[in-house]
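All values derive from a computational prediction rather than experimental measurement.
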Amino acid sequence: MIDRSLFNVEDFLVDNTFQLYCAGTDKLCVTYWENYIETHPEQQAIIAEARRLYVILSGNKKPLNLQVEVLKENIEHKNNIVPFQRKYNWLKIAAAILLLAGVSFFYFRAGNKEGVKQSMVSNFTTKAGERKKIRLKDGSVIFLNAKSSLSIIKGFNEKTREVNLVGEAFFDVRHQKDKPFKVHTEDFDINVLGTSFNVKIYPDEPTSEATLIKGLIVMEGKGSKGSSITLRPSQKVTFYKDLESPVQTNKSVKAKTQLPEITINHYTKVNDSVIAEVAWTQDRLEISDQSFAEVKGVLERWYDVQIKFTNKEVERYRFTASFPVENIEQALTALQTAEHFNYEIKGKQITISK
C-alpha cells in the first residue's frame, strides 16, 4: 500500500482520493479517509490544514455531504419539527437540489441487483477462445479475455463511469478528475483514477485478483464492511474464495461465513517487456509455478476445450511455461517436456492420464 505516514500538506492535496474525500462526492474515499484519520491521530493537524487549503483552492465550496447536513438543520430549525419526523422531507429536497445542480455521484451497491439490471445499456461478452478490444465513449480501452462479460452502466461518462465485470479484463482508463471510473465485481469494487490494471474474477476459480500496472486504484472488499486497500504500481492483490460445500454435522448444515483471505504481492515479471498477469493481452500464455489443476481452467478458456484428469498425481504436476498462441495439441506437447503425461483429444474433449 501507499505509505502516507510521511505525507506533508502538498502530498495530501495532490492525492486524488483525498480530493474526493474533501469534496464529499465519493463514499468509498470518504470511508477510507475517515478510517485513516481515526487511526493516525498524529497526522490530524496536517490533514486539517490540507482540507482547509482544498476548500480555498476549490472556490470555498463546502463538500456536498456537509451542504446536505446544513440544509437539513436549516429546514428542521425553521419548521421547529423533530428531526426524525421530517427525515424524508429534507432528504427529498436535498436530493432534488443535488440532482438539479448536476453534481451528485451515485454509489453502486451489489444489493440492489434489480435496479442495476434495469440500468445497464451495453453488454459485451466473449466465448471460450475469444478476446475483444472495447473502446468506451470516454476514450478508455478495455481488453476482454475469454469467457468474460462486461456491462456498461447507464449514464456512463455523464456524471459517473461505472462498469460490471465477470471474468477477466485489462483496463486502460482515461483520466477524468471529476468522473472517477468504477469497476464492480462479485468480490470487490475498484475505484480508479487514470490507471492501467488487470482484473481476474472467474466465479468457478478459488481466487480472484487485481494487478496494478500504473496509476492508482482503491479496492473495497464486498465482505469486509467498507475496508479499503490502495494499490501502487506493480502490486497485485489476491482474494482467496471459499468454494467448498457447507459442512454437514449431525445437527444441521452450517454454511461457512469466514471472509476471504487477502494477500498483496508484486506482479510476475517474465522479462523487460512481459508481465505474466497481462501477457494474455499480447496473445501469450504465461504459466508461473502453477499446478496442472490450476492451468486446466486457463487452457479450457483459451482453446475452447474441456479437460478431464484420470489421475490425481498428474493434477498436482507444476509448470512454468511461456509460449505464444498455439493450438491445444502444441500447448500440451510443450508441457510434456517438463512432466510426463499422456493425453487423448476427441473433438473438444481432452482426457489427460499418467
Side-chain angles (χ1 to χ4, degrees), residues 126 128-129 131 143-148 165-170 185-187 197-213 231 234-244 260-271 273-345 348-354:
T126 52
R131 287 171 291 281
F143 292 87
L144 197 61
N145 206 350
K147 295 189 72 174
S148 301
L165 173 69
V166 177
E168 184 170 18
F170 176 81
T185 74
E186 182 181 19
D187 291 339
F197 62 101
N198 193 79
V199 180
K200 182 180 180 182
I201 179 165
Y202 287 101
D204 57 347
E205 292 202 348
T207 63
S208 56
E209 61 189 48
T211 304
L212 181 61
I213 307 303
L231 292 188
S234 83
Q235 285 188 323
K236 170 183 174 180
V237 60
T238 303
F239 287 71
Y240 293 86
K241 298 181 287 187
D242 185 2
L243 298 181
E244 296 180 7
E261 295 183 6
I262 300 172
T263 61
I264 300 178
N265 297 299
H266 288 280
Y267 57 48
T268 306
K269 199 75 177 290
V270 179
N271 54 49
S273 61
V274 178
I275 297 171
E277 286 77 7
V278 297
W280 65 269
T281 63
Q282 303 173 29
D283 291 331
R284 293 191 63 84
L285 269 179
E286 293 292 338
I287 300 170
S288 180
D289 191 27
Q290 294 174 274
S291 69
F292 216 157
E294 293 172 324
V295 174
K296 172 179 178 289
V298 177
L299 296 177
E300 288 180 330
R301 290 191 297 270
W302 194 272
Y303 296 108
D304 189 16
V305 296
Q306 289 81 48
I307 296 176
K308 177 183 177 181
F309 292 101
T310 63
N311 185 281
K312 290 292 183 181
E313 183 181 347
V314 174
E315 289 186 62
R316 293 191 291 269
Y317 286 169
R318 303 196 72 82
F319 299 96
T320 294
S322 174
F323 44 84
V325 175
E326 302 170 319
N327 61 46
I328 183 61
E329 188 167 3
Q330 290 172 318
L332 292 173
T333 300
L335 295 178
Q336 281 180 321
T337 62
E339 293 283 359
H340 174 73
F341 63 88
N342 296 307
Y343 65 86
E344 182 181 13
I345 301 177
K348 292 188 176 183
Q349 304 294 323
I350 299 175
T351 302
I352 296 179
S353 58
K354 190 170 180 181

Any donor-acceptor pair under 3.5 Å from [X] side chain to [Y] backbone:
| X | Y | result |
| --- | --- | --- |
| Ser148 | Ala146 | yes |
| Thr333 | Glu329 | yes |
| Gln290 | Ile287 | no |
| Thr320 | Asp289 | yes |

Does one side chain, of [X] or [Y], offer a donor that lies under 3.5 Å from an acceptor on the other?
| X | Y | answer |
| --- | --- | --- |
| Ser208 | Asp187 | yes |
| Glu168 | Asn198 | yes |
| Thr351 | Glu344 | no |
| Asn145 | Trp302 | no |
| Arg284 | Ser322 | yes |

Which value, rounded to the nearest 0.5 Å, describes the distance between [X] atom [atom1] and [Y] atom [atom2]?
| X | Y | atom1 | atom2 | answer |
| --- | --- | --- | --- | --- |
| Gln235 | Phe197 | CD | CZ | 15.0 Å |
| Asp304 | Gln306 | CG | CD | 7.0 Å |
| Leu299 | Ile307 | CG | CD1 | 4.5 Å |

Test side-chain contact (heavy atoms from CB on, under 4.5 Å) applied to Ile275 and Thr268, step by step: CA-CA 6 Å; Ile275 297 171; Thr268 306; over 6 Å; no
Sub-4.5 Å side-chain heavy-atom contact between [X] and [Y]:
| X | Y | value |
| --- | --- | --- |
| Ile201 | Val166 | no |
| Glu209 | Val237 | no |
| Lys200 | Glu277 | no |
| Tyr267 | Leu212 | no |
| Ile352 | Asn311 | no |

In terms of relative ring orientation, are Tyr317 and Phe319 parallel, tilted or perpendicular, with 30° and 60° separating the classes?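 Tyr317 and Phe319: perpendicular rings.
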For Thr211, which residues count as a side chain to side chain donor-acceptor pair (under 3.5 Å) partner, sequence neighbours excluded?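 Side chain to side chain donor-acceptor pair (under 3.5 Å) check on Thr211 returns nothing, list empty.
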Using the test side chain to side chain donor-acceptor pair (under 3.5 Å), find all partners of Thr263 that sit at least two apart in sequence or belong to another chain.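 Thr263 satisfies side chain to side chain donor-acceptor pair (under 3.5 Å) with no residue once adjacent residues are dropped.
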Are Glu294 and Glu205 close enough, and set up right, to give a side-chain contact (heavy atoms from CB on, under 4.5 Å), and what steps lead you there? CA-CA 9 Å; Glu294 293 172 324; Glu205 292 202 348; over 6 Å; no
When you check the gap from the basic side-chain N to the acidic O, do Arg131 and Asp283 get nearer than 4.0 Å?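 Between Asp283 and Arg131 there is a salt bridge, with a charged N closer than 4.0 Å to a carboxylate O.
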Do Glu313 and Arg316 sit within salt-bridge range, that is, some charged N less than 4.0 Å from a carboxylate O?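 Arg316 and Glu313: not salt-bridged.
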Any idea which heavy atoms bring Ala128 and Glu300 closest together, and the distance? CB-O, 4.0 Å
After noting the C-alpha distance and the side-chain angles of Leu165 and Leu144, does the key distance pass the side-chain contact (heavy atoms from CB on, under 4.5 Å) rule? CA-CA 9 Å; Leu165 173 69; Leu144 197 61; 4.0 Å; yes
Tyr202 ring centre to Arg301 NZ or CZ under 6.0 Å, with the angle to the axis within 45°? yes
Test Phe341 against Phe292 for ring-ring contact (aromatic ring centres under 6.0 Å, His included), laying out the working first. CA-CA 11 Å; Phe341 63 88; Phe292 216 157; 5.1 Å; yes
Go through it in stages, so that I can follow the logic: the residues are Tyr303 and Lys348, the test is side-chain contact (heavy atoms from CB on, under 4.5 Å), and I'd like the CA-CA distance, side-chain angles, deciding distance and then a yes or no. CA-CA 9 Å; Tyr303 296 108; Lys348 292 188 176 183; over 6 Å; no
